[in-house]
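A short worksheet on the structure shown next.
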2 protein chains.
Amino acid sequence: MTMSSDRAFEALRADILRGRHRPGLRLGEVGLARELGMSRTPVREALRRLAAAGLVELNANRGARVVEPAADDLNTVFVLRAPAEGLAARAAALSATDEDGEELQRLALAVAAAARPAGGGPPDLDAVYLHNREFHDLMLSLARSASLAQVIAGLVHSTVLMRTYRAFDEDAMHRSVAHHLELVAAVRAHDPDWAESVMRSHLFSARAALLGGRGDAPHAITHTGPPAPAEDLTEGETA
Amino acid sequence: MTMSSDRAFEALRADILRGRHRPGLRLGEVGLARELGMSRTPVREALRRLAAAGLVELNANRGARVVEPAADDLNTVFVLRAPAEGLAARAAALSATDEDGEELQRLALAVAAAARPAGGGPPDLDAVYLHNREFHDLMLSLARSASLAQVIAGLVHSTVLMRTYRAFDEDAMHRSVAHHLELVAAVRAHDPDWAESVMRSHLFSARAALLGGRGDAPHAITHTGPPAPAEDLTEGETA
DNA sequence: CTGGTAAGAAGTGCATGCACTTCGTGCGGA
DNA sequence: TCCGCACGAAGTGCATGCACTTCTTACCAG
């Protein structure tokens, strides 16, 4: 049913975003084809698409490498994400149905539950990232704008590529959860100004946590290790 | 020297952006391959890249069509371009050398000359668009940011795709020329705040001219016809 | 021992062939 | 006359083969 080319694209994208394929790694067509159980042709097409998406770098006759994102700084990405996702939130508030609002709330509550488990243990960071991404994806799809989706997808790629997911201290985490819930309220109230404003706060808060965040601060919630990226961060492209 | 795949990509992109391939048009691999004098393989790869760039739409077993951009509104694009290109201007002001400044000025003067020819005749709109694009491309390349380039490229695509280049009245045209010259001054002064501010004004002015512009206003400078898009608008991708 | 070079290996770029899906067309039945 | 269906054409998806480029390595000159 699904095409080999799409399978290759998804698999490679997931591996790159998860960090299994580190920046600078050489991606040979023959090896990938053998690994994925298909011929070189669909692998080639997937690599071209990844190159257009900015995830790999292509040199003629010299193959593909995972892109080295160090040149870009996180601040740039967040400066661009604020108006983009703010606009998405605005559009979502205007177009969301009641069912959409309920679905959004479900995802926001899932993030909250993962951030503060019932047992009182440590947050399940993988679940937080997963549901956070689902939340933002739904928000974006509610905006129903192709160029908005295109732009935001690229920016999120960048955010994930330079995996600065070192630390999200408790305060930032709870602010994030509160923002999600407030966004749901704004969308359900069909208030675009409110929604946009909260979304911008949400992103600036995240930027502060990631940029200013001294990862070794007390109470810092860190990943198991620096090279361990967020799991399951690759679902729902909402193309 | 140049690869067939790249030639196909460039040719198709140019044809789409120029409007030779109108939205909704079916792009068959065999026809394009014959037309371009190559086999289907590089054409297929070019189509995948165009799909990733958001210029064509791909359906499994059903071929490629030029994307229908009507869903997105121009306002969205400009709201996103303002911070993005503003940031690019800011970075350019910080990193530009004296030679860069001179090159920028050369392009700005070229736009000015095309907008107000020496003989006093009507503006050479094709030259205006070409040099305008060169100016913005150079600005972007001076910012040296991959994600910035990625985002702006997508937004410019959208702007051109929905070809609202109907009218740019005299006032707007001269404002645009003045903005370019002021941008050069800001960059040469290495003043990021100034550069960003002027760039934002530049874009908002353009938005007003395009959105609010009643194309049938007196003194309006229109293209020869509605389906005639800007020529030579496709150079210098600054990938 | 070091630097340059040429032959081989490895890998990419493109063309071509085949299987399968989709669409158009004509036929038969109600 | 109109609807359903099957058959054929056209086109896409993928595999494979060949030419050419790039990288590696072993060899020889100095």
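No experiment lies behind these values; they were computed from the predicted model shown. To find a chain, count down the sequence lines: A is the first, B the second, and so on, and within it residues start at 1.
Distance Met3(B) CE to dA15(C) C1': 15 Å, rounded to the nearest Å. Between the P atom of dA10(D) and the CD atom of Glu29(B) lies a distance of 16 Å, rounded to the nearest Å. Here dC14(D) presents its P atom at 12 Å from CG of Leu36(A), a figure rounded to the nearest Å. Computed from coordinates, the Leu32(A) CG to dG11(C) P distance equals 11 Å when rounded to whole Å. The distance between atom CE of Met38(B) and atom P of dT16(C), rounded to the nearest whole Å, is 13 Å. Residue Leu47(B) contributes atom CG, which lies 9 Å from atom P of dG13(D) at whole-angstrom precision. For Asp6(A) and dC14(D), the CG to P distance is 8 Å, given to the nearest whole Å. Between the CZ atom of Arg44(B) and the C1' atom of dA15(C) there is a distance of 14 Å, given to the nearest Å.
Arg62(B) has no side-chain polar atom (N or O) that falls below the 4.0 Å cut-off from OP1 or OP2 of dC20(C). At dA15(D), none of the side-chain N or O atoms of Arg34(A) fall inside 4.0 Å of OP1 or OP2 (strictly under the cut-off). Put simply, Ser39(B) has no side-chain N or O that comes within less than 4.0 Å of OP1 or OP2 on dC14(C). Look at Arg7(B) and you won't find any side-chain N or O under 4.0 angstrom from OP1 or OP2 of dG13(C).
A ring-centre distance under 6.0 Å is not found for His131(A) and His136(A).
Under 4.0 Å is where a charged nitrogen must lie from a carboxylate oxygen, and between Arg65(A) and Glu57(A) no such pair does. For Arg7(B) and Glu10(B), the salt-bridge test fails: no basic side-chain N is under 4.0 Å from an acidic carboxylate O.
Taking OG of Ser5(A) as the start and CZ of Arg48(A) as the end, the distance is 12.0 Å to the nearest 0.5 Å.
Of the two residues near DNA chain D, Asn61(B) and Arg40(A), the one whose nearest nucleotide lies more 5' is Asn61(B). With DNA chain D read from its 5' end, the first of the two nearest nucleotides for Thr41(B) and Val30(B) is the one closest to Val30(B).
Ranking dC14(D), dT12(C), dG11(D) by closeness to the Arg26(A) side chain, first place goes to dT12(C).
The side-chain tip of Arg207(B) does not point at the ring of Phe78(B) from less than 6.0 angstrom away and within 45° of straight on.
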